[in-house]
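Structure, as structure tokens:
All values derive from a computational prediction rather than experimental measurement.
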Amino acid sequence: MLEIIKSLLIAFFAVAVLLPVVRYALRRLSPAQHTAAMSAEELKYIQKQELKLTVAYFFFASVLTVFSAGVLALLSSIIHASEEHLFVMTPNFRAFFAPGLLLGLTLAVLPLRIVQSAVLGSDYELYKTYTQQVEGQHSTRTYSILLLVLLVVSGIVTFYALRWHITIDRNEIQATNLLLEQRAYDMQEIESIRYLGAEGEYLVSFSDQTNINTTYLKPVQLEMIALLAERSGKRVIR
């Protein structure tokens, strides 16, 4: 839980730092024309109102991040479900949190656009004038293009993340990584099975120096670990 909160805070901090840079770049590319200058009081007031949108964005991003990570973990289990193998391990919620975070930060823009007029109320027109001054004349079109690019990137990341899974049979372990590379290991190639101190968390090391860390995989059953120990002749190190 603390790891998730820490990741969210880091992501929100990055967004807060990058937003002024993006706005400055947009203002330079497409400066506002024929827009009445706002007074210092109006700028101060609308900047305070903009905080409401910022809070709303972070709320939507948090909800959509958790939802996306959970859906991806469930979808991965469904995609790779098979009765041909003794055990199938797919990424869990923690493993999918990174692509879920990318999806959450991207998709949060959509509900924000829907509710921003309701959140700002009578200040909505004043906010549109403010955004034209700080982001340029065609910022909406630029944001739409940027959103489309981020959606494409999120889709690609999600596609590769969903391919990661591990299958275990009586004599062989086959792992498919994020790059769609498949590796097959004989049980005798296992060099060690180390218990990491938490339920379901093990580190399986092979003779070619590769490892499988089950911390980010589900489900990890004791029967599966017992099978690995039995077929490889290695005891679980605690």
Quick one, [X] and [Y] - any side-chain contact, counting heavy atoms below 4.5 Å?
X    : Y    : answer
T90  : I166 : no
L86  : E223 : no
R113 : Y143 : yes
T215 : L196 : yes
R231 : R170 : yes
T167 : H165 : yes
I237 : S192 : yes

Identify whether [X] and [Y] are in the same connected component of the hydrophobic contact network (ILVMFWY, side-chain heavy atoms under 4.5 Å).
X    : Y    : result
Y216 : V204 : yes
L112 : L102 : no
W164 : L74  : no
I79  : L72  : yes
V109 : F59  : yes

Is it the case that atom [atom1] in [X] sees more than 12 heavy atoms from other parts of the structure closer than 6.0 Å?
X    : atom1 : value
L51  : CG    : yes
R94  : CZ    : yes
Y195 : OH    : yes

If you round to the nearest 0.5 Å, how far is [atom2] of [Y] from [atom1] of [X]?
X    : Y    : atom1 : atom2 : value
L53  : F60  : CG    : CZ    : 10.0 Å
E191 : N211 : CD    : CG    : 9.5 Å
I193 : R235 : CD1   : CZ    : 11.5 Å
M89  : S76  : CE    : OG    : 12.0 Å
I46  : L120 : CD1   : CG    : 6.0 Å
L107 : L147 : CG    : CG    : 8.0 Å

Legend entry - Stepwise side-chain contact (heavy atoms from CB on, under 4.5 Å) test for L203 and I212: CA-CA 6 Å; L203 182 66; I212 293 177; over 6 Å; no
Side-chain donor/acceptor of [X] to backbone N/O of [Y], under 3.5 Å:
X    : Y    : value
N171 : M187 : no
T214 : Y202 : yes
H80  : I78  : no

Inset, instruction - Report the C-alpha distance between R194 and R238 in whole Å, list the side-chain angles of each, state the deciding distance to 0.1 Å, and finish with yes or no for side-chain contact (heavy atoms from CB on, under 4.5 Å). - result: CA-CA 6 Å; R194 185 179 299 275; R238 297 182 178 271; over 6 Å; no
Legend entry - Side-chain donor-acceptor pair present, Q47, K44, cut-off under 3.5 Å: no
Inset, instruction - Indicate whether any N or O donor in one side chain lies under 3.5 Å from an N or O acceptor in the other, for T210 and Y185. - result: yes
Legend entry - Steps toward side-chain contact (heavy atoms from CB on, under 4.5 Å) verdict (F58, T54): CA-CA 6 Å; F58 287 158; T54 302; 3.7 Å; yes
Inset, instruction - Could you walk me through whether V220 and F87 pass side-chain contact (heavy atoms from CB on, under 4.5 Å), step by step? - result: CA-CA 9 Å; V220 179; F87 301 98; over 6 Å; no
Legend entry - Matching residue for H85 among D169, I173, I168 - test: side-chain contact (heavy atoms from CB on, under 4.5 Å): D169
Inset, instruction - Please report the closest heavy-atom contact between A69 and F97, naming both atoms and the distance. - result: CB-CA, 4.0 Å
